[in-house]
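All chains are named by letter (A, B, ...) in the order of the sequence lines, taking the proteins before the strands, and each is independently numbered beginning at 1.
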Amino acid sequence: MLSSINKNLTRTPTPTRASFLSSLLNSCIARSATGPGKQVHAQLILSGLSRNPFSATKLITLYSASHSTSHARAVFDGIPNRDRNVFVYNAMIRAYAWHGPHEHAISLFQTMVENGLEPDNFTYPFALKACSALSAFNDGRDIHERAFMSRWDSDPFVGAALVDMYSKCGSVDRARDAFDRVTDRDVVVWNSMIAAYAHNGLPTEAFEILRDMSTRGFRPTVATLVTTIATAADAAMLPQGREIHGHGVRMGFISQDKVNTALVDMYAKSGRLGVARTVFESLKERRNVSWNAIITGYAMHGNAEEALNLFDQMRSEQFDPDHITYVGVLAACSRGGLLELGKKHFDSMKGDHSIDPTVQHYTCMVDLLAHAGQLREAYDLINSMPMSPDSAVWCALLNACKIHKDVEMGECVLKKLIELEPDDAGNYVILSNIYAQAGKWDEVSDLRRSIAEKGIKKTIACSWIEVKNQVHSFLVGDAMHAQSKAIYAEMDRLEGLMRDAGYVPDTEPVFHDVENDEKAGLVRAHSERLAIAFGIISTPPGTRLLVNKNLRVCGDCHVAIKFISKIVGREIVIRDINRYHRFKDGECSCGDYW
DNA sequence: ATAGGGTTAG
């Protein structure tokens with residue numbers, strides 16, 4: 001079609017030709033057809049129209065849609081400076097904001113201003129999106145200042161972009177200020193604010209905004225539900241999640257696979273793998289995210305077999321696993337202690353699927369090797385990584401040093417960790433555990449002194465459990481709860497039964513965890529045990545308990561909870577900082593491999 | 001002539 005028309009085109013009057021080529025470009029943009037688009041581009045050059053801002057904007061849009069930012073920039077550079085209007089700048093800034101380099105979006109915004117052009121309600125969202133991607137707080141704030149001066153900040157599009165930018169820079173208060181200044185809030189502005197709270201660890205505030213939004217008559221969208229369900233999932237706020245789920249059903253969103261994928265994740269994270277699986281099976285259209293959600297769900301719970309079965313099924317249904325799928329697969333292998341299989345998948349990821357391993361994939365592999373006792377190999381793998389190792393990688397190795405009682409390697413790894421996160425007490429505690437296991441008490445007290453001298457604050461251990469829609473949290477040795485007496489009485493009762501059943505408390509004077517440091521005698525009052533005791537006395541017999549903890553479960557508690565699960569005949573799920581432990585009938589889903 | 005928010009991992 002293009003070639004037959006091309007012959008006559010030079011005889012066509014310019015305005016007609018321009019509008020004809022313009023409509024051709026529109027269809028190329030709609031279909032992301034770069035090939036035909038390039039032919040139209042050639043025609044525009046022949047006709048002397050490629051420098052015209054109108055056609056140039058379309059060309060930039062076309063190349064941007066096909067990720068050819070450099071081609072887009074060539075078109076932009078071809079436009080004489082005096083002809084560059086706000087449209088061409090917007091299109092070019094958008095190209096950088098979408099496909100990078102994001103820094104270029106910001107510098108082009110500045111160039112535009114220097115050239116005396118006034119950014120508009122399109123320019124701001126594009127430039128701010130680049131700041132969001134870079135978490136560039138200072139640039140974002142400068143752009144905000146300009147938007148404020150020109151009063152664009154009250155525009156809903158600009159406002160939503162500002163909320164998002166501050167949110168991604170971790171400044172939720174400024175996000176809220178930006179939100180408050182938007183005069184005509186629409187649903188996207190509300191959604192942005194919900195996401196801002198959710199992503200900055202303020203789930204309660206996120207739910208408040210959701211309620212506020214509904215009260216003011218805004219109908220939640222799929223994005224609203226997906227965000228809030230994910231918030232409930234991460235905060236393990238199952239009742240809220242169920243409420244939103246119900247809300248979604250009533251509003252007819254429930255056939256939406258995107259909402260259901262978020263539900264798969266939520267139920268998996270709340271330890272309801274069976275429900276998660278049922279929702280997953282009900283999906284009409286499975287996408288990579290859905291597979292990833294269910295695979296990582298099983299992986300987190302230590303069910304390597306089912307995670308890997310699903311992975312095989314995913315591949316047999318012709319889905320292309322992505323880097324997140326592999327985080328799940330490798331995590332499953334690592335939790336299941338499947339060394340050879342893990343190595344196989346790690347190689348296949350790169351070899352068969354051309355996925356470059358990220359630091360997370362390396363962390364899984366280090367965990368896998370080190371857990372299996374191959375500390376040296378794990379150490380070598382870290383040193384062979386193409387990127388600089390982060391604290392998570394070293395932490396995986398340090399943890400294995402504790403399991404395999406390798407003092408020398410532990411000391412070496414701690415040095416690396418101190419460089420990366422000097423103020424993290426948890427690392428010192430793991431090393432002091434290693435020393436204690438080896439009977440190196442002098443080193444233990446030296447380390448203890450050094451923590452005190454450096455003034456490092458230890459994380460206070462906290463566990464929480466939800467009963468009848470209310471969160472109850474407990475610190476170690478906590479006596480603040482209204483039912484504290486009954487809780488301790490229940491703990492005494494349980495301990496008696498546990499001892500009868502053969503439980504021997506671990507009385508070794510080691511750091512069981514960060515929390516009991518000076519209080520070795522308080523192991524029995526570890527926060528998770530308080531939460532469990534409370535859960536037992538405040539729910540009907542047989543009710544499953546879900547406890548969250550901000551640190552790892554200690555070894556003694558792990559043994560104790562196994563006994564408790566058998567004695568009270570309940571399923572007890574602990575979600576600690578690293579993984580899930582599902583206790584049932586005196587066993588834990590982790591198989592004591594953690 | 002062009003727009004802002006959302007799910008999986010860490």
Self-check item: Nucleotide nearest A/D265 (side chain, heavy atoms from C-beta), chosen from B/dA9, B/dA3, B/dG6
Solution: B/dA9
Quiz item: Looking at the side chain of A/K129, which of B/dG6, B/dT2, B/dG4 is the nearest nucleotide?
Solution: B/dG4
Self-check item: Rounded distance (Å) that lies between atom P of B/dT2 and atom CG of A/L62
Solution: 13 Å
Quiz item: What integer distance in Å separates A/D234:CG from B/dG6:P?
Solution: 14 Å
Practice problem: Look at A/H199 and B/dG10 and indicate whether a side-chain polar atom (N or O) is within less than 4.0 Å of OP1 or OP2. | Solution: no
Quiz prompt | Distance, rounded to the nearest Å, where A/L283 contributes CG and B/dT8 contributes P | solution = 15 Å
Quiz item: Between A/I577 (CD1) and B/dA9 (C1'), how many Å, whole number?
Solution: 15 Å
Exercise. Would you mind telling me which of B/dG4, B/dT2, B/dT8 lies closest to the side-chain atoms of A/F122?
Key: B/dT2
Practice problem: Whole angstrom is fine here: how far is it from CD1 in A/I244 over to P in B/dG6? | Solution: 16 Å
Quiz item: Is A/D142 salt-bridged to A/R146, cutoff N-O under 4.0 Å?
Solution: no
Quiz item: Out of B/dT2, B/dA9, B/dT7, which has the shortest distance to the side chain of A/T261?
Solution: B/dT7
Practice problem: Classify the nucleic acid contact of A/N85 as base, sugar-phosphate or nothing, counting any heavy atom under 4.0 Å across all strands shown. | Solution: base
Quiz prompt | Separation between OH of A/Y362 and CG of A/D390, rounded to the nearest 0.5 Å | solution = 13.0 Å
Practice problem: Measure the spacing between NE2 of A/H245 and CG of A/N260 and express it to the nearest 0.5 Å. | Solution: 6.5 Å
Quiz item: Of all the choices, B/dT8, B/dA1, B/dA9, which nucleotide is nearest to the side chain of A/A230 once you look at every atom?
Solution: B/dT8
Practice problem: Please work out if A/T221 contacts a base, only the sugar-phosphate, or nothing of the nucleic acid, heavy-atom cut-off 4.0 Å. | Solution: base
Self-check item: Candidates B/dA9, B/dT2, B/dT8 - which lies nearest the side chain of A/F87
Solution: B/dT2
Practice problem: Specify the separation, in whole Å, of atom CD of A/E421 and atom C1' of B/dG10. | Solution: 13 Å
Quiz prompt | Residues A/R176 and A/E205 bridged, charged N to O under 4.0 Å | solution = no
Quiz prompt | A/D186 (side chain) and B/dG4 (base): donor-acceptor pair under 3.5 Å | solution = yes
Self-check item: Heavy-atom pair with the smallest gap, counting every atom of A/N85 and A/P53
Solution: ND2-CB, 3.7 Å
Exercise. Give the ring-plane orientation class for A/H353 versus A/Y326, where under 30° counts as parallel, over 60° as perpendicular and anything between as tilted.
Key: tilted
Exercise. Answer yes if the ring centres of A/F311 and A/F319 are under 6.0 angstrom apart, and no otherwise.
Key: no
Practice problem: Select one nucleotide: of B/dG4, B/dT7, B/dG10, the one nearest the side-chain heavy atoms of A/R287. | Solution: B/dT7
Quiz item: Under 4.0 Å between a side-chain N/O of A/K269 and OP1 or OP2 of B/dT7, yes or no?
Solution: no
Exercise. Would you mind classifying the nucleic acid contact of A/T57 as base, sugar-phosphate or nothing, using non-hydrogen atoms under 4.0 angstrom?
Key: base
Exercise. Would you mind classifying the nucleic acid contact of A/V189 as base, sugar-phosphate or nothing, using non-hydrogen atoms under 4.0 angstrom?
Key: base
Exercise. Report which part of the nucleic acid A/D164 touches: base, sugar-phosphate, or nothing (heavy-atom distance under 4.0 Å, all strands).
Key: sugar-phosphate
Quiz item: NA contact type, A/D390, heavy-atom cut-off 4.0 Å: base, sugar-phosphate, or nothing?
Solution: nothing
Exercise. Could you work out which one of B/dA1, B/dA9, B/dA3 sits closest to the side chain of A/H323?
Key: B/dA9
Quiz item: In terms of side-chain heavy atoms of A/V289, which of B/dA1, B/dT7, B/dG6 is nearest?
Solution: B/dT7
Self-check item: A/I194 CD1 to B/dG6 P, straight-line distance once rounded to whole Å
Solution: 11 Å
Quiz item: Are A/W98 and B/dG4 close enough that a side-chain N or O sits under 4.0 Å from OP1 or OP2?
Solution: yes
Practice problem: Name the nucleic acid region contacted by A/R185, choosing base, sugar-phosphate or nothing; use a 4.0 angstrom heavy-atom cut-off, strictly under. | Solution: nothing
Self-check item: Separation of atom CG in A/N26 from atom C1' in B/dA1, rounded to whole Å
Solution: 9 Å
Exercise. Would you mind telling me which of B/dA9, B/dT2, B/dT7 lies closest to the side-chain atoms of A/V327?
Key: B/dA9
